[in-house]
Every structure is written in C-alpha cells, then in structure tokens.
Protein chains: 2
Amino acid sequence: MDRFVSTFTNKIDAKGRVSIPAPFRAVLERDGYVGGLYCYPSLDAAALDAGGERLAKKIDGLLAGLPDYSDERDELSVALYGDVQVLSIDGDGRIVLPENLRVHANLDAAVTFVGLGDKFQMWEPKAFEERRKEARSKVQVTRKLFAAGGRSSDDDGNEGARE
Amino acid sequence: MDRFVSTFTNKIDAKGRVSIPAPFRAVLERDGYVGGLYCYPSLDAAALDAGGERLAKKIDGLLAGLPDYSDERDELSVALYGDVQVLSIDGDGRIVLPENLRVHANLDAAVTFVGLGDKFQMWEPKAFEERRKEARSKVQVTRKLFAAGGRSSDDDGNEGARE
DNA sequence: CGGGCATCTATGGGATCGCATGGGATTTGG
DNA sequence: CCAAATCCCATGCGATCCCATAGATGCCCG
C-alpha cells in the first residue's frame, strides 16, 4: 500500500543532518521521487509535514477547488506554498533541516518521524509523546462513536471490538 | 473463511524472535500478504493486535471517510498510523517484536496468539489466562440471557466463548 | 496392522547485510 | 579566499537471511 506507517526516531548529527527512516525512503521512491522532499511547518502544531510527489499533488488539489484570484485562495496559497521547502536527499538518505524549520518544531538533538499515510511528520521526540497521548485519549472517544453509529455490519463486525 | 482461530503459545528466543503459528501464517498469505504484519498496541488491554492486509485496509477505510487536513483526521492518523508497526516476517515465519510493543504487552519469554477472526492478539501467557477466565464467567451470564429469551435451541451458545 | 520414512513446525545459532551515524574530503557560492 | 553545503567512505550495531536440529504428525508400503 506504500504509505508512511509507524514512527521512528533518528538523531541529528553535528552538521544538522538526519537520516530519513529507510521504510519512508522506500515509499518516497515508489511515490515517484524526483529530487526532493516537500517539507513545511505544520499549520497547527510544532512539527513539520513532509512527503513526496503525491503530497505535492494533493496540495495542488486543494487549491484547485478555490476560484482564482479569491482572497481565500491567495491566503491558502501563501500558507501552503509559502513555507514549503524542497529538501534534497543525499546519497545516504539524509536531509538537512533549514534553520526556520528546525525552529518551528523545536528540533535539536533528535527527530521523531511519524507516518500519516500520504505524508509524515517530524517532531521533537518529547513533544510527540505528548501529542500521542492526546491522540490516544481522543480516539477512545471516537471509537465509541463508531460503535454507537452501528458501523459494525461490514464484513464481520469487529469494528468496535478492539480490546 | 480464512479467519484467525484458536490459540497458540510460542517462545521468544534470545534474539527476540517469535514464530507465528503456522495456521495464522496461512491466513495471512491468503489475505494477500505483501510485506508485513500490521501490529499495534491494543487500546484497552496489555496486548497487541495484529493482522494482514485486510486489517490495514480497514484502518485506511476509517480515515478515507474524513476530509484532508481536518483536525479529526489528524488525530486519528496519529493514533492509528503512528502506533502501527509493520513487522516483516522472515523466511521461517518469525517476527521480531520491537521494544515498545513488547513493553506494552509485558512480553518476555513467550507469547500467546489468540485468533479473533479478522485479526489476532498477542498476550503474555499468564495475562491471557486471567483474561480467559474472566471471559468465561461473562459468557456464562450471556448464555443465561439467551436461555431466558427462549433461544435455548443453540446447544451451547458459544459465539463469544472462543477458547 | 505396524514400522519406518517423509514432511512440517518450532526453535536455536552462525553469518551476512543494511541502516544509522560519524568524520573527513571536496565542491560551491558568496 | 573562506564558509557552508554536499559527497564519499568507515564503522558498529541491529536486523535479516540461511542452515541445522528436533519433536510431532501423517503417510506409504511392507
């Protein structure tokens, strides 16, 4: 399925380089790697979003839905494209995070890579632990909603049975 | 029906490897095995949930219904993709359990594999024994309810008694 | 009917490979 | 000409592969 899945934590070396987890690299290549990793500050978190060609197309798709020359589109364009950086990946699968991106996510010694399907995020490890806790507790709630919503009828109905 | 059924207990060797019970392996293959076993901590038990492609699609399906870049999707993505690990199965049908997963389920010397239809769980053997006892007593109650409702004809009402 | 052979599974151990990481060398651009 | 970014190579650890053993099961053929 070639999606970014699971989390990995790698170190930032003295030169500011980080290895992209090998499984993520594999996804990027299959995604039609051209020469860069698209990377930008997450809009609502102290983290970075990154991905390959598929992600780039997705961003385009969002804008395509808005009329040209509308304020909304302009704002979104700036928000989406404005801070995007195309990071080159060296022969060993590493990238260098520019200052502004590193600041946005408070990255210093290590980076936690979090697979999110089409894209992945880069977090300061401790910050991500917090975030993860939060997400887990919310999912408990969401799960109850699914169960209550009666979505159990698809092929064998173990949807809410996770225990 | 190619479901995960019944329970098996296998040892963890010095390298942290465990054999997946052969019957489960067979199910995984028929399920369209691609490159890994999808595995994540059970949300409300000291155990691990695991499955093949079918389970992965199910997870995707949950997210597919949500709009891109919505908060809800982000939360769910983190909780679902972030905790999932794709474990590769070696030529002998074994997997290696990563540290964080082993900790979550208190696994050390052995693992009990429990078939649950679409997926299966991995428990520390003693913990599962406890769990099983508990389940049995609950089933007793459930059965009485069935009986009281006049459905006494299904001779043992074992639907949830999986053992 | 029974003995032995073939097969499959679980498990252990050795050898190899890949990945993350570090450090020097080289190039690029200002 | 200097600083910073890029490339290339070395290394150590962990993961993966491959082979060996052993117990259990089942089958075939005597």
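We use all heavy atoms of the structure for the numbers below, so side chains are in, but hydrogens, waters and symmetry mates are not. Here the structure is a predicted model, which means the values were calculated and not measured. In what follows, every chain begins at residue 1, and chains take the letters A, B, ... in the order their sequences are listed.
Taking all atoms of both residues into account, the shortest heavy-atom contact from G51(A) to L28(A) is C-CD2, 3.9 Å. D118(B) approaches K58(B) most closely through the heavy-atom pair OD2-NZ, 3.1 Å. When every heavy atom of L48(B) is checked against every heavy atom of L101(B), the shortest pair comes out as CD2-O, 3.6 Å.
Proximity of R17(B) to the phosphate of dC17(D): no side-chain N or O atom is located under 4.0 Å from OP1 or OP2. Contact between the side-chain N/O atoms of S88(B) and the OP1/OP2 oxygens of dT16(D) is found at a separation under 4.0 Å.
The nearest whole Å value for the distance from the CD1 atom in I89(A) to the C1' atom in dT21(C) is 17 Å. In this structure, CG of L97(B) is placed 11 Å from P of dA15(D), rounded to the nearest angstrom. With rounding to whole Å, E99(A) atom CD is found 12 Å from dA4(D) atom P. As rounded to whole Å, 16 Å separates atom P of dC13(D) from atom NZ of K15(B). One atom, CG of L87(B), and another, P of dC17(D), lie 13 Å apart when rounded to the nearest Å. Rounded to an integer number of Å, the gap from D90(B) CG to dC19(D) P is 13 Å. One interatomic measurement links the two molecules: CD1 of I20(B) to C1' of dT11(C), which rounds to 15 Å at whole-angstrom precision. Distance F8(A) CZ to dG18(C) C1': 14 Å, rounded to the nearest Å.
The residue from F24(A), F8(A), F128(A) that alone fulfils the ring pair (Phe, Tyr, Trp, His ring centres under 6.0 Å) condition with F120(A) is F24(A).
Residue I95(B) is out of contact with every strand shown, counting any heavy-atom pair closer than 4.0 Å.
Side-chain atoms of D92(B) and base atoms of dC8(C) include no donor and acceptor less than 3.5 Å apart.
If you check dG13(C), dC17(D), dC7(D) against the side chain of R94(B), the one that comes closest is dG13(C). Here dT21(C) is the nucleotide among dG13(C), dT21(C), dA10(C) with the atom lying nearest to any side-chain atom of S19(A).
Residues P21(B) and D13(A) both approach DNA chain C. Their nearest nucleotides, taken by heavy-atom distance, put P21(B) toward the 5′ side.
Side-chain polar atoms of S42(A) and D49(A) form a donor-acceptor pair below 3.5 angstrom.
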